Amino acid sequence: MRSEEEMRTAIHRYADMIRKICFIHMKQESDVDDVFQSVFLKYAKQSSFHDDEHEKAWLIRVTINECHDTLTTWFRRKVILSDELESYAPGVTSMHSTMLDAVLHLKPNYRNVIYLYYYEGYKIREIADILQKKENTIHTWLKRAKDDLKIMLGGDDLD
Amino acid sequence: MTNPLKDLDQLHASEETKEKTLQYVLSKQRHKKTLPIWQGALVCAISVLLVMLWQPWKVDDLPTKPTSPAAIASTITLDVNPSMELSVDAQHRILQTKAYNKDAKQILASIDLKNKELDEALTLLFANATYQKYLANGILEVGIYADDAALQKSLEEEIGAYLKSNATAKRYHCASIDSKTHEAAKTHHTSQGKYRVIEQIRSYDAAYTIEELSNYSMKKLYALLEQYDDSAVPEGCHSERAHESNQETHHQNRHHGNHD
């Protein structure tokens, strides 16, 4: 288990990143705290990392999995929730641009790839490592995500 | 290059969420430290209660209850990539079969193992052409669970001997499963043998989900476990490279031996 100081540093360093991953996957603001707690509890139990990059990649992967698990539980409970983002805290929804809205309408795997490639600046090989998929799969997802975005944005390319 | 998620720059985690998370993790850590004392006390209390209720000193007075021949006494899981479960009675007869994935469903649809003796069922299964292909390229994991420890041991010995004498499964591992793993595997709708290895992997890297690893073949699971702890992988279940390297070392040692 990690010390309080280590936990405080990690939360301070990675909270914004985790918040962003939650935002692109979760529809409910109330689920975000659950994801944060699960992710950092696992982090506290994780013995060590090779370096900062390994630590960051590990946290991205765990957060994506936690978001997925929370959503699965959410469906299992058969709770009917709004598909709109109004359930998010005030201020979050107001920042939406057409582009961000379009990304949020992509399939979860495509959203992950777009986030990791464009926002975090990871290379295809690195994304493949984080998501534990083949490089070809990531290439395909990225291409399809861009194609879908192009259609949604009325013909505008990302590149 | 346009960053379609540029707007996320404005999004930050609230201080409240950060503080709540920190307090949650710290409280869990504190709770974990005190838990063993509580657990110990609880286990003692329950044990005393059970002994008082059961009164083992009077066990000889109890009427002998015949075991129903149709009762499931043990579950045996076989995982390569096809993942299946055989439920057997105390006489080692197959009462029911269960497929955990599509590959197993296809195989079990082509052979009828019900009411067969265990060795007969294994012979039928291993003679199946599709199953043989999986065995030839993969690793077979057999997990045995029974409430009765003696039955569990006898099944492990019987299956172990069968696998040893049968050349179809070149790489295999056969082990008894404890009740905790058996119950947890049931909860996650995963075969108990595979679940045991999944939990080993997750003890090294909690980033993996059970759902994700359940879709891996045994060969892939052992290759992954090998990356974390080579010694946790049973003999004969190492990855091809490690396997070949071992063979080579073995060969070299023998070669040296001949010249010494």
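Here is the naming used below: chain letters follow the sequence lines, and residue numbers restart at 1 for every chain. None of these values were measured; they are calculated from a predicted model.
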Colleague: Hey, what do you get for CG (B:Asn3) to CD1 (A:Ile114), rounding to the nearest 0.5 Å?
Modeller: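 Taking CG in B:Asn3 and CD1 in A:Ile114, the distance rounds to 9.5 Å.
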Colleague: With sequence neighbours left out, what residues match A:His139 under side chain to side chain contact (heavy atoms under 4.5 Å, CB included)?
Modeller: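 Side chain to side chain contact (heavy atoms under 4.5 Å, CB included) check on A:His139 returns A:Ile124.
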Colleague: Can you check whether B:Thr21 reaches A:Asp33 side chain to side chain, under 4.5 Å on heavy atoms?
Modeller: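 Not touching, per the 4.5 Å side-chain cut-off.
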Colleague: Check A:Tyr115 against B:Leu5 and note the closest heavy-atom contact, atom names and distance.
Modeller: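 The pair with the smallest heavy-atom distance is CA-CD1, 3.4 Å.
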Colleague: Go through A:Asp34 and B:Tyr24 one step at a time and tell me if the side chain to side chain contact (heavy atoms under 4.5 Å, CB included) criterion holds.
Modeller: CA-CA 10 Å; A:Asp34 291 344; B:Tyr24 173 80; over 6 Å; no
Colleague: Can you name the residues of residues 3-14 of chain A that have some heavy atom under 4.5 Å away from a heavy atom in chain B?
Modeller: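 When heavy atoms of chain B are the reference, residues 3-14 of chain A contributes A:Glu4, A:Met7, A:Arg8, A:Ile11, A:His12 within the under-4.5 Å range.
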Colleague: With chain A as the partner chain, list the residues of residues 196-207 of chain B whose heavy atoms fall under 4.5 Å from it, by residue number, and write 'none' if nothing qualifies.
Modeller: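 Only B:Tyr204, B:Asp205, B:Ala206, B:Ala207 of residues 196-207 of chain B have a heavy atom under 4.5 Å from chain A.
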Colleague: Using non-hydrogen atoms and a 4.5 Å limit, figure out which bit of A:Gln37 sits close to chain B: side chain, backbone, both or neither.
Modeller: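 A:Gln37 touches chain B through backbone and side-chain heavy atoms alike.
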Colleague: Using the side chain to side chain contact (heavy atoms under 4.5 Å, CB included) rule, pick out the option among A:Arg19, A:Lys20, A:Met17 that qualifies with B:Leu8.
Modeller: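 Of A:Arg19, A:Lys20, A:Met17, side chain to side chain contact (heavy atoms under 4.5 Å, CB included) with B:Leu8 is met by A:Lys20 alone.
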Colleague: Quick one: what part of B:Glu16 sits under 4.5 Å from any heavy atom of chain A, side chain, backbone, both or neither?
Modeller: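 Neither part; nothing is under 4.5 Å.
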Colleague: Among A:Phe36, A:Tyr119, A:Tyr43, which residue forms the greatest number of heavy-atom pairs with chain B at distances under 4.5 Å?
Modeller: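 Highest number of heavy-atom pairs under 4.5 Å: A:Tyr119.
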Colleague: Where do A:Val103 and B:Pro4 come nearest, in terms of heavy atoms and distance?
Modeller: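 In terms of heavy atoms, the two residues are closest at CG2-CB, 3.8 Å.
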Colleague: Please report the interatomic distance CG(B:Asp9) to CG(A:Asp16), rounded to the nearest 0.5 Å.
Modeller: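 So the CG of B:Asp9 and the CG of A:Asp16 are separated by 10.5 Å.
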Colleague: Quick one: pull up CG in A:Asp69 and CD in B:Glu211 and give me the separation to the nearest 0.5 Å.
Modeller: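 Interatomic distance, A:Asp69 CG to B:Glu211 CD, rounded to 0.5 Å: 7.0 Å.
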Colleague: Using a heavy-atom distance cut-off of less than 4.5 Å, which residues of residues 128-136 of chain A contact chain B?
Modeller: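 A:Gln132, listed by number.
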Colleague: When you measure from the side chain of A:Asn65 to the backbone N and O of B:Thr209, does any donor-acceptor pair fall under 3.5 Å?
Modeller: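 Side chain of A:Asn65 to backbone of B:Thr209, a donor-acceptor pair under 3.5 Å: no, none is there.
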Colleague: Taking the side chain as every heavy atom from C-beta outward, state whether B:Lys6 and A:Met99 have any atom pair closer than 4.5 Å.
Modeller: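 Of all side-chain heavy-atom pairs linking A:Met99 with B:Lys6, none is under 4.5 Å.
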